[in-house]
Structures are given as structure tokens and as C-alpha cells.
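Because the structure is a prediction, the values reported are computed rather than measured. Side chains are part of it too, since the values below use all heavy atoms of this structure and drop only hydrogens, waters and symmetry mates.
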Amino acid sequence: MSTETNKDTVREFVKRVFVKLDAHAVEELVTDDFVSHAWRTNPGQNAKESLVDATKRMSSALSDIKFTIDDLIAEGDRVVARLTAGARQTGEFMGLPPSGKSYEVGEIHIFRLTDGKIAEHWLEMDAMGLMQQLKGD
């Protein structure tokens, strides 16, 4: 696949999986042997199933989800996305009770693609900033 095609796949993934929390999009856009370096999966569960579960959990925890792609860089089978992510916490999230508070943080995602699907994922994000915004006054 071309780097432009890979970038298009990542744009679609961000829109459908991160923003819309569409579990069906995971089936379409992620390989069956997907590997996540961003979170741990439950015992006996593969990373693709874990991602589907995460979309369901997030849909009950967050509202007004926004992801802005600030930079999208591709080379070979890798795409790097620098994003600004934000949402409003309306349900239990990361062990915190619903607060109604909003957050906005920077994130950097690295995707490796195979045959037009996401095969591997890494994430660096401002988790401390996120927690400070949700817990702060």
C-alpha cells in the first residue's frame, strides 16, 4: 500500500474508532493479529477484542469526543499521528466517578499497517495532564 493510502486508513481509524467509538470499524480497519503496545489485554483476550471492548467502555464514559490531527507523517508501513484529543467525562473513566469535566491533551500514535489494515499500535499521551483536568477544581 502507498503511504497516502496508509494515511487515509489512519484518518478513518481516528474518525471511526477514536471519535465515534464504532466497534464495527475495528473489524474493518484492524488485522486479526493486531498488536497493541499502548495497553495490556485481559488474559485470554487478543488485542483486537480488547480494542472492541475499549470502544464500548469509552462510549459509556465519554461524550463530546474530539480528535484533531495536528500532524500525519508516513514512511513505509508506518504512520505517525500527532493528535489533540478531548472529551467530557460523563461516566466512570480510568477509575474516576463521572465528573462532567472536559479535558484536552496531546497524543502521539504510531501505527504499522499491513495490506491496508492497522497491524500494530503505539501511544504516548499526557496522562498526567488528563487526570489533573478531570480531578482538578
Side-chain angles (χ1 to χ4, degrees):
M1 296 289 178
S2 73
T3 56
E4 287 306 313
T5 300
N6 286 345
K7 286 166 73 173
D8 288 342
T9 299
V10 167
R11 281 186 195 96
E12 190 70 10
F13 181 88
V14 169
K15 180 174 79 176
R16 293 179 60 200
V17 177
F18 288 169
V19 177
K20 294 183 179 179
L21 299 170
D22 178 358
H24 299 291
V26 175
E27 280 300 318
E28 295 174 35
L29 300 170
V30 174
T31 63
D32 289 337
D33 60 350
F34 171 69
V35 175
S36 171
H37 302 281
W39 67 84
R40 294 195 173 144
T41 58
N42 295 324
Q45 186 180 46
N46 69 36
K48 187 174 182 176
E49 292 168 341
S50 180
L51 181 55
V52 168
D53 287 349
T55 62
K56 293 173 184 175
R57 277 194 319 276
M58 295 300 99
S59 67
S60 66
L62 302 174
S63 301
D64 307 324
I65 299 169
K66 294 181 180 108
F67 277 80
T68 302
I69 298 175
D70 300 308
D71 286 305
L72 200 58
I73 303 162
E75 184 174 337
D77 63 353
R78 308 282 170 123
V79 176
V80 178
R82 185 175 65 85
L83 308 171
T84 301
R88 186 168 47 91
Q89 183 201 8
T90 52
E92 184 178 325
F93 179 64
M94 297 178 74
L96 297 175
S99 69
K101 294 180 181 177
S102 295
Y103 70 86
E104 184 175 280
V105 295
E107 300 182 356
I108 297 173
H109 296 259
I110 303 172
F111 301 92
R112 183 179 65 78
L113 290 92
T114 301
D115 298 326
K117 291 188 172 190
I118 295 171
E120 214 165 348
H121 174 250
W122 294 261
L123 167 65
E124 294 293 329
M125 66 175 281
D126 182 10
M128 181 177 278
L130 185 152
M131 295 303 278
Q132 286 174 332
Q133 290 174 63
L134 294 180
K135 291 174 104 178
D137 292 324

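- Smallest separation of non-hydrogen atoms from Ala23 and Thr55: CB-OG1, 3.6 Å.
- Atoms CG and CZ, from Leu134 and Arg88 in turn, are 12.0 Å apart once rounded to the nearest 0.5 Å.
- Looking at Thr90 and Ser63, their side chains do bring a donor and an acceptor atom within 3.5 Å of each other.
- Linking Ile, Leu, Val, Met, Phe, Trp and Tyr whenever their side-chain heavy atoms come within less than 4.5 Å puts Leu62 and Met125 in one cluster.
- In this structure, CG on Asn6 lies 4.5 Å from CG on Leu113, to the nearest 0.5 angstrom.
- Leu83 contributes atom CG, which lies 9.0 Å from atom CD1 of Ile108 (distance to the nearest 0.5 angstrom).
- Around atom CG of Asp71, more than 12 heavy atoms belonging to other residues, nucleotides or ligands sit under 6.0 Å away.
- With a 6.0 Å radius and a threshold of 12 heavy atoms from other residues, nucleotides or ligands, His24 has its NE2 atom at or below the threshold.
- A donor-acceptor pair under 3.5 Å is formed between the side chain of Lys48 and the backbone N or O of Val30.
- A salt bridge is absent between Arg78 and Glu75: the closest approach of a Lys/Arg side-chain nitrogen to an acidic carboxylate oxygen does not fall below 4.0 angstrom.
- Among Val26, Asp22, Val52, the one residue that satisfies the side-chain contact (heavy atoms from CB on, under 4.5 Å) test with Val17 is Val26.
- Taking all atoms of both residues into account, the shortest heavy-atom contact from Thr3 to Ala74 is CB-CB, 3.7 Å.
- Glu92 places no side-chain N or O within 3.5 Å of a backbone atom of Met94 that could act as its donor or acceptor partner.
- Annotation: the span from Asp8 atom CG to Ser2 atom OG amounts to 7.5 Å, rounded to 0.5 Å.
- With respect to Glu28 and Lys117, no salt bridge is recorded, no charged nitrogen being found less than 4.0 Å from a carboxylate O.
- A single hydrophobic cluster is not seen to contain both Phe34 and Trp122; linkage of ILVMFWY side chains at heavy-atom distances under 4.5 Å, directly or through other members, places them apart.
- There is no path of hydrophobic side-chain contacts, each under 4.5 Å, that joins Leu123 to Val80.
- With hydrophobic clusters built from ILVMFWY side chains whose heavy atoms lie under 4.5 angstrom apart, Val105 shares a cluster with Val19.
- The shortest distance between side-chain heavy atoms of Arg57 and Phe93 does not fall below 4.5 Å.
- Heavy atoms only, all atoms of each residue included: Ala47 and Ser36 are closest at CB-N, 3.9 Å.
- Across all their heavy atoms, Met1 and Gly116 have their closest contact at CG-N, 3.5 Å.
- Transitive grouping of hydrophobic side chains (ILVMFWY, heavy atoms separated by less than 4.5 Å) brings Ile65 and Leu51 into a common cluster.
- Each of Ile69, Ile110, Leu72 was compared with Val10 under the side-chain contact (heavy atoms from CB on, under 4.5 Å) criterion, and only Leu72 meets it.
- Taking the six-membered ring where tryptophan is involved, the planes of Phe13 and Phe18 are perpendicular, since the angle between them exceeds 60° and thus also 30°.
- Once rounded to the nearest 0.5 Å, the distance linking CD of Glu124 with CG of Asp126 reads 11.0 Å.
- Without hydrogens or angle criteria, Gln133 side chain to Glu104 main chain gives a donor-acceptor distance under 3.5 Å.
- The two residues Leu96 and Gln89 come nearest to each other via the heavy atoms O-NE2, 3.1 Å.
- The OG1 atom of Thr5 sits 12.0 Å away from atom CG of Asp115, with the distance rounded to the nearest 0.5 Å.
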